[in-house]
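Below is one structure, written out as structure tokens, with a few remarks after it.
Computation of the quantities below employed the complete heavy-atom set of this structure, encompassing side-chain atoms and omitting hydrogens, waters and symmetry-equivalent molecules. First listed ligand is number 1; within each ligand, the first listed atom is number 1. The shown structure was predicted, so the numbers you read here are calculated from the model rather than taken from an experiment.
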Amino acid sequence: MRALVTGASRGIGRAVALRLGREAAEVAVHYRSHAEEARAVVEEVTHLGGSAFSVRADLARPDDVGRLADDLAARWDRLDALVHNAGEYPRVAFRDLTPAEFAACFQVHVFAAAELTRRLLPLLEAARPGRVVFVSSVLAFSGSRHGAHYAAAKAAVVGLARSLARELAPAVTVNAVAPGSIDTAILAGDTPALRAERERVIPLRRIGTPEEVAEVVAFLNSPRSSYMTGTTLHVNGGLRPD
Ligand code: NAD
């Protein structure tokens, strides 16, 4: 399996790269600024029985998105798995949210993912089936108290996945995962009180791990999910998504 995982130097993306490495995948480990961490992921994937290389691109920059697609197309004639994971959760009160912040959020989570998919379509179609997985969020369904632009972008991702599932079938399957609270840098700013409050409202009473999300992403990238397209799998410890 040949897979591109965006934002794979840490967090959920790293866990996905390692999980695919365990299945002997060839993994393109995309990163923006953490070159050292990306190199470490490449080594770990290799150690687990896969092979990997790292590739840099700032998905906030449309030129970089095109270059990333061109780099992949120059190396590979087939792409089995494309995992759209990169992105931040910028917390901003709606009354302070600028149009530029709104646009920047959509650029990374939605526009970059759509354009990368579009450019890599010939490679995905060559895989027959190519598989695309978008990382959305429980906040696409519940809304966010301090990230309206983020929740809106993550909801757009679900609409995009459902649309591409229809339009690209049967050559390409397109699904999404919607994580709840997962223990990564995104939650690093939590106070102990906020973390305890998060855990209190999760029926399984704990924050999830990146590996628990990676397991579901790996499933959606495998023949084990061969009859699934256009779906969103919730990985949230039982949080009600609506
Ligand atoms: P993380 O901060 O550890 O990882 C995010 C990755 O995205 C990093 O590697 C970062 O460099 C990359 N990235 C961000 N902006 C980028 C850009 N402009 N160009 C290229 N790369 C960029 O956080 P994470 O929790 O692992 O997040 C992974 C995905 O999961 C994100 O899409 C996030 O929205 C989503 N998510 C996370 C949670 C959670 O609780 N952690 C919940 C729901 C959804």
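Classification of R75 and D70 as a salt-bridged pair fails, no side-chain N sitting under 4.0 Å from a carboxylate O. At a threshold of 4.0 Å, the pair R67-D71 counts as salt-bridged, since one of the basic side-chain nitrogens sits closer than that to a carboxylate oxygen.
Of the candidates R119, R118, E115, V65 forms a side chain to side chain contact (heavy atoms under 4.5 Å, CB included) with just one, namely E115. The only option from V177, N175, L233 that meets the side chain to side chain contact (heavy atoms under 4.5 Å, CB included) definition with F219 turns out to be L233. Just one residue in the list V157, L164, V158 forms a side chain to side chain contact (heavy atoms under 4.5 Å, CB included) with L160, and that residue is L164. Considering R56, R14, R10 in turn, R10 is the only one that fulfils the side chain to side chain contact (heavy atoms under 4.5 Å, CB included) rule with H34.
Counting protein heavy atoms only, atom 30 (O) of ligand 1 is closest to V135 CG1, 3.4 Å. Looking only at heavy atoms of the protein, atom 19 (N) of ligand 1 is closest to L59 N, 2.8 Å. Protein heavy atom nearest atom 43 (C) of ligand 1, with residue, atom name and distance: P179 O, 3.4 Å. In this structure, atom 11 (O) of ligand 1 lies nearest to the protein heavy atom R32 NH2, 4.0 Å. Nearest to atom 22 (C) of ligand 1 among the protein's heavy atoms is A86 CB, 3.8 Å.
The heavy atom nearest to atom 5 (C) of ligand 1, considering only G87, A57, S9, P210, is found in G87. Closest heavy-atom approach to atom 39 (C) of ligand 1 among the candidates V29, D64, I182: I182. Evaluated by nearest non-hydrogen atom to atom 31 (C) of ligand 1, the leading choice among D58, N85, I207, I186 is N85.
For F134 and H109, the gap between ring centers reaches or exceeds 6.0 Å. Taking the six-membered ring for Trp and the full ring otherwise, the centers of F141 and H234 sit less than 6.0 Å from each other.
Those atoms of ligand 1 that come under 4.0 Å of a heavy atom in H30, given as number and element, are 20 (C), 21 (N). Shown in contact with A60 at under 4.0 Å from a heavy atom are these atoms of ligand 1, numbered in order with element: 18 (N). Near G11, meaning under 4.0 Å from one of its heavy atoms, ligand 1 places the atoms 3 (O), 26 (O). Proximity to V108 (heavy-atom distance under 4.0 Å) selects the following atoms of ligand 1: 18 (N).
The closest side-chain heavy-atom distance from R131 to V172 is not below 4.5 Å. Contact annotation: the side chain of T231 approaches that of M228 to within less than 4.5 Å [non-hydrogen atoms, C-beta and beyond]. You'll find the side chain of S137 stays beyond 4.5 Å of the side chain of Y89, heavy atoms only. V5 has its side chain out of reach of V29: every pair of non-hydrogen atoms, C-beta onward, lies at least 4.5 Å apart.
Below 3.5 Å of separation, one finds an N or O of R10 facing an N or O of ligand 1. Looking at ligand 1, you'll find an N or O of T184 within less than 3.5 Å of one of its N or O atoms. The shortest N/O to N/O separation between G180 and ligand 1 falls below 3.5 Å. The shortest N or O to N or O distance between I12 and ligand 1 is under 3.5 Å. By the 3.5 Å distance cut-off applied to N or O atoms, S181 is not counted among the residues near ligand 1.
At a heavy-atom cutoff of 4.0 Å, ligand 1 is contacted by the side chain of H109 but not by its backbone. With a 4.0 Å heavy-atom cut-off, ligand 1 is reached by the side chain of Y150 but not by its N, CA, C or O.
For H84, the heavy-atom gap to ligand 1 stays at 4.0 angstrom or more. Ligand 1 lies less than 4.0 angstrom from a heavy atom belonging to S136. Using a 4.0 Å heavy-atom cutoff, K154 is listed among the residues neighbouring ligand 1.
Cluster membership check: L18 shares its hydrophobic cluster with V27, using side-chain heavy-atom separations under 4.5 Å among Ile, Leu, Val, Met, Phe, Trp and Tyr.
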